[in-house]
Amino acid sequence: MTTLRLITLGYFVSLLIAASLNYLPIPGIIDDQAYAFGIFALDVFDDLLHVASALWALAAALISHRASRIFLTYFGALYFADGLLGLATGSGFLDAGILIYGFYEYPSFLIKLAANIPHLFLGGFALAAAYFGRK
């Protein structure tokens, strides 16, 4: 199993964890206003997107090194762009937030950054792995 395939399996696990945040009975994850870590709301649609992405990652990891690189490239580009749009507007496009909510004002830039860090980090790391993981 190549490093890219292992990284892609890591994305499978990470995305399943993201999809399960609303359902884990662990204190401190979801607050009384239904915000994960007090920063962002995850709904069923977000959970389904995370599960679909996780299944895509699993399929890619099981198929081949090349399929993993393709997953990391496209997933990375989409997630990183979503994070950038979230930083610029407060809403992303993957969950259609920019269409549904338009521009969203966070109480501070630090909270806006914290809300978008997961997509920026996951997307950026995936792109870097795809680029540097070429054979």
- Over all heavy atoms of both residues, which pair between Gly92 and Leu85 is shortest? Give the atoms and the distance, please. C-CD2, 4.0 Å
- Task: State whether the number of non-hydrogen atoms from other residues, nucleotides or ligands found under 6.0 Å of Phe93 atom CZ is greater than 12.
- Result: yes
- Message: With rounding to the nearest 0.5 angstrom, report the CG to OG1 distance, Leu127 to Thr73.
- Response: 6.5 Å
- Query: Is Leu84 linked to Tyr101 within one hydrophobic cluster, defined over Ile, Leu, Val, Met, Phe, Trp and Tyr using a side-chain heavy-atom separation of less than 4.5 Å?
  - Reply: no
- Query: Which heavy atom of Ser91 sits nearest a heavy atom of Gly102, and at what distance?
  - Reply: OG-O, 2.6 Å
- Item | Pair Leu120-Leu87, side-chain contact (heavy atoms from CB on, under 4.5 Å): steps then yes or no | CA-CA 10 Å; Leu120 291 169; Leu87 275 181; 3.6 Å; yes
- Remaining members of Leu48's ILVMFWY cluster at a side-chain heavy-atom cut-off under 4.5 Å? Tyr23, Val44
- Message: Between Arg69 and Gly133 (side chain of the first, backbone of the second, donor and acceptor by atom type, cut-off under 3.5 Å), is there such a pair?
- Response: no
- Closest non-hydrogen atom pair, Ser68 against Ala61: OG-CA, 3.5 Å
- Message: Can you confirm whether Pro118 sits close enough to Tyr79 that some side-chain heavy atom of one is under 4.5 Å from a side-chain heavy atom of the other?
- Response: no
- Note on the structure: So OG of Ser20 and CD1 of Ile29: to nearest 0.5 Å the spacing works out to 7.5 Å
- From Thr89 OG1 over to Ile98 CD1, what is the distance, rounded to the nearest 0.5 angstrom? 3.5 Å
- Indicate yes or no for a side-chain donor-acceptor contact from Asn116 to the backbone of Leu113 under 3.5 Å, with no hydrogens or angles considered. no
- Item | ring pair (Phe, Tyr, Trp, His ring centres under 6.0 Å) partners of Tyr104, counting only residues at least two apart | Tyr106
- Heavy-atom distance under 4.5 Å between the side chains of Tyr11 and Phe125, does that happen here? yes
- What are the two closest heavy atoms between Leu9 and Met1, and how far apart are they? CD1-SD, 3.8 Å
- Are Ile70 and Leu15 in one and the same hydrophobic cluster, where Ile, Leu, Val, Met, Phe, Trp and Tyr link if side-chain heavy atoms are under 4.5 Å apart? yes
- Task: Drop me the distance from Leu78's CG to Phe75's CZ, to the nearest 0.5 angstrom.
- Result: 8.5 Å
- Measure up the Phe71 and Trp56 rings against each other and bin them: parallel (under 30°), tilted (30 to 60°), perpendicular (over 60°). perpendicular
- Item | Verify same cluster id: Ile17, Leu122 (apolar side-chain graph, 4.5 Å) | no
- Taking ring pair (Phe, Tyr, Trp, His ring centres under 6.0 Å) as the test, write out the residues that go with His50, two or more places apart. none
- Message: Does any part of the side chain of Leu6, heavy atoms only, come nearer than 4.5 Å to the side chain of Thr2, both counted from C-beta?
- Response: no
- Least distance between heavy atoms, Leu4 atom then Ala130 atom: CD2-N, 4.3 Å
- Task: First locate atom CG of Asp47, then atom CG of Asp95, and finally report the distance between them rounded to the nearest 0.5 Å.
- Result: 11.0 Å
- Between CG of Leu62 and CZ of Phe12, what distance do you get to the nearest 0.5 Å? 8.5 Å
- Determine, using the 4.5 Å side-chain heavy-atom cutoff (strictly less than), whether Tyr74 and Leu72 are members of one ILVMFWY cluster. yes
